[in-house]
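The structure presented is a predicted model; accordingly, all values stated were derived computationally and were not measured.
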Amino acid sequence: REPDRATVRSSTEAAMTEKDVCIHASECLMRLAYFAPRRANETIMLGRVLFLVFTCRSAKSSVKMFMLKGVAVLLSREVCTVEDIMDPNSYEDVLRGIKRVDKQVESLSPQEASHTRIASSITLIELVHTAVRSAKLSRTPTFDLVAYQIERDDEASLDIIGHGLWTISSVRHLQTTIAHHSLLVTGIARVAERDQFSWTTRQYAMACLCNLAENENNHETMTSDENVRKALVSALSSATDEPPGSAPTCWMAALMVQRLASHVPNQRMLAKQPGLVANLVRYTRLMNDNDELKQPLKDTLAQCAMYL
């Protein structure tokens with residue numbers, strides 16, 4: 001609440017400034033989130049206050065960061081859902097707030113910046129889940145923001161986003177929605193390609209692409225945009241250019257090639273990628289000599305060879 005100005009002493013006289021009090025109060029609210037009981041009225045009220053202050057235009061950025069962390073704690077502890085605590089009319093304001101906080105983390109210490117990015121990723125993925133369940137909320141701005149966050153290359157955030165997208169992309173009726181967002185698919189493919197990321201991060205990304213390619217309606221969509229096509233080919237070439245011990249990622253990449261190649265117009269495009277084809281041939285030669293290559297991978301490689 002706005003304090004009565006007459007009762008607020010000047011910062012030179014007061015032991016604590018009005019801003020200090022506000023920040024301490026914000027931190028208290030965030031810490032309460034760690035102890036909030038599941039689905040209790042107090043928890044719902046706390047969540048609503050956190051979201052309300054987070055979307056308040058006049059709130060300081062340091063206050064908003066505490067609010068966002070508090071929301072992320074509640075959601076990650078699964079003591080409430082976004083639907084419980086967010087006013088649907090403030091949905092766009094929440095997305096804008098997350099983007100604004102993301103831009104301000106550069107001024108924080110590396111540890112604080114990482115914690116804030118993780119909080120924004122947790123909240124954002126829960127907003128994605130909410131948007132895909134609701135007929136009233138627009139999915140496009142949420143996917144736009146996910147694509148923006150993927151570009152930041154923060155691995156802790158990417159793990160959270162990757163796991164969330166992998167879960168969502170396994171729901172068949174959502175696969176086409178995601179596949180039509182070219183910026184998002186391009187971003188996921190770039191994560192799958194980059195060898196500076198851990199196997200876990202890259203596997204989430206490749207598994208998400210694999211899920212999208214499971215839907216035959218996406219086979220043309222995912223290769224018609226030139227930027228998406230280049231990113232996908234690069235990711236597939238990178239994933240198949242791995243030692244035999246890293247079979248899970250290679251198998252997912254081969255599975256995706258098989259799914260895309262089941263659409264006849266894609267066969268020529270894939271066959272014209274020398275690096276990708278050479279890697280698939282190398283794995284195919286190893287099939288009978290290497291026990292580390294499991295039967296699903298062998299079957300998938302045989303299917304790829306047949307299509308191409």
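A search for side chain to side chain contact (heavy atoms under 4.5 Å, CB included) contacts involving R139 returns A131, V132, F143, L174, T177, not counting sequence neighbours. Checked against side-chain hydrogen bond (donor to acceptor under 3.5 Å, both in side chains), D225 has no partners two or more places apart in sequence or in another chain. Residues satisfying the side chain to side chain contact (heavy atoms under 4.5 Å, CB included) criterion with A36, sequence neighbours excluded, are T43, L46, L74, R77. Listed by chain and number, the residues in a side-chain hydrogen bond (donor to acceptor under 3.5 Å, both in side chains) with D84 are R39, T81 (sequence neighbours excluded). Annotation: ring-ring contact (aromatic ring centres under 6.0 Å, His included) contacts of H163 (sequence neighbours excluded): W166, Y204.
The line from CG of L232 to CD of E193 is 10.5 Å long, rounded to the nearest 0.5 Å. L212 contributes atom CG, which lies 12.5 Å from atom NE2 of H181 (distance to the nearest 0.5 angstrom). Atom-to-atom distance recorded for L124:CG and E126:CD is 10.0 Å, nearest 0.5 angstrom. Atom CG of L127 and atom CG of L137 lie 8.5 Å apart (nearest 0.5 Å). Interatomic distance, CE of M222 versus NE2 of H263, reported as 12.5 Å (0.5 Å rounding). Taken from CZ in R117 to CD1 in I122, the straight-line distance is 14.5 Å, to the nearest 0.5 Å.
The minimum heavy-atom distance linking V82 with L75 is given by the pair N-CD2, 3.8 Å. The shortest heavy-atom contact between I44 and C80 is CD1-CB, 4.0 Å. Contact between A253 and L236 at its shortest, heavy atoms only, is O-CD2, 3.5 Å. Considering all non-hydrogen atoms of both residues, R259 and A213 come closest at CB-O, 3.5 Å. What you find for V79 and P37 is that their closest heavy atoms are CB-O, 4.0 Å. Nearest heavy atom pair, residue I178 against residue V185, reads O-CG2, 3.5 Å.
D159 and T201 are linked by a side-chain donor-acceptor pair at a separation below 3.5 angstrom, with hydrogens and angles left out of the test. Side-chain atoms of S238 and R194 include no donor-acceptor pair closer than 3.5 Å.
For the pair E216 and R172, the salt-bridge criterion is met [side-chain N within less than 4.0 Å of a carboxylate O].
The 12-atom threshold is exceeded at CD of Q104, counting heavy atoms of other residues, nucleotides or ligands nearer than 6.0 Å. Within 6.0 Å of atom CD in Q111, 12 or fewer heavy atoms from other residues, nucleotides or ligands are found, so the atom counts as exposed in its surroundings.
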Report task. Show the numbers, then the answer: is there a side chain to side chain contact (heavy atoms under 4.5 Å, CB included) between Y148 and D102? Result -> CA-CA 10 Å; Y148 165 77; D102 276 355; 4.0 Å; yes
Requested in this report: Could you please spell out the steps behind the side chain to side chain contact (heavy atoms under 4.5 Å, CB included) verdict for V264 and Q267?
Outcome: CA-CA 5 Å; V264 175; Q267 292 172 2; 4.1 Å; yes
Query raised in the report: Given L108 and M65, is the side chain to side chain contact (heavy atoms under 4.5 Å, CB included) satisfied, shown in steps?
Result: CA-CA 11 Å; L108 302 175; M65 286 180 193; 3.6 Å; yes
Requested in this report: Output, in order, the C-alpha distance, side-chain angles, deciding distance and verdict of side chain to side chain contact (heavy atoms under 4.5 Å, CB included) for R38 and E78.
Outcome: CA-CA 7 Å; R38 183 177 173 79; E78 298 182 357; 4.0 Å; yes
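Linking Ile, Leu, Val, Met, Phe, Trp and Tyr residues whenever their side-chain heavy atoms come within less than 4.5 Å places V171 and L209 in a single cluster. L183 and I125 fall into different hydrophobic clusters, where Ile, Leu, Val, Met, Phe, Trp and Tyr side chains are chained together by heavy-atom contacts under 4.5 Å. Y307 and L270 fall into different hydrophobic clusters, where Ile, Leu, Val, Met, Phe, Trp and Tyr side chains are chained together by heavy-atom contacts under 4.5 Å.
With respect to S157, the side-chain hydrogen bond (donor to acceptor under 3.5 Å, both in side chains) criterion is satisfied by exactly one of S114, S121, S120: S121. Here the options are D144, L165, L145, T142, the test is side-chain contact (heavy atoms from CB on, under 4.5 Å), and the partner is L184; only L165 passes.
A donor-acceptor pair under 3.5 Å links the side-chain atoms of Y91 to the main chain of S138, judged by distance alone. Side-chain atoms of R282 come within 3.5 Å of backbone N or O of T240 as a donor-acceptor pair. Using modelled atom types, one side-chain atom of Q175 and one backbone atom of N211 make a donor-acceptor pair closer than 3.5 Å. Panel note: side chain Q273, backbone M269; a donor-acceptor pair is recorded below 3.5 Å. Side chain of T186 to backbone of S182: a donor-acceptor contact under 3.5 angstrom is found. Within the 3.5 Å criterion, the main-chain N or O of D93 finds no donor-acceptor partner in the side chain of S90. The backbone N or O of C304 sits nowhere less than 3.5 Å from a side-chain atom of Q258 that would complete a donor-acceptor pair. Within the 3.5 Å criterion, the main-chain N or O of L260 finds a donor-acceptor partner in the side chain of N266.
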Identify each donor-acceptor pair in which a side-chain atom of residues 50-64 lies under 3.5 Å from a protein atom, sequence neighbours left out, and give them as a table.
| residue | atom | partner | partner atom | Å |
| --- | --- | --- | --- | --- |
| T55 | OG1 | F51 | O | 3.0 |
| T55 | OG1 | L52 | O | 3.1 |
| K64 | NZ | C56 | O | 3.2 |

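Side-chain contact between T223 and V228: absent, with no pair of heavy atoms (C-beta onward) separated by less than 4.5 Å. When side chains are defined from C-beta on, E112 counts as touching H115, because their heavy atoms get closer than 4.5 Å. Inter-residue side-chain proximity for I98 and Q149 is flagged as met; some heavy-atom pair is nearer than 4.5 Å. Side-chain contact between Q203 and M206 is absent, with no heavy-atom pair separated by less than 4.5 Å. The shortest distance between side-chain heavy atoms of P265 and E220 does not fall below 4.5 Å.
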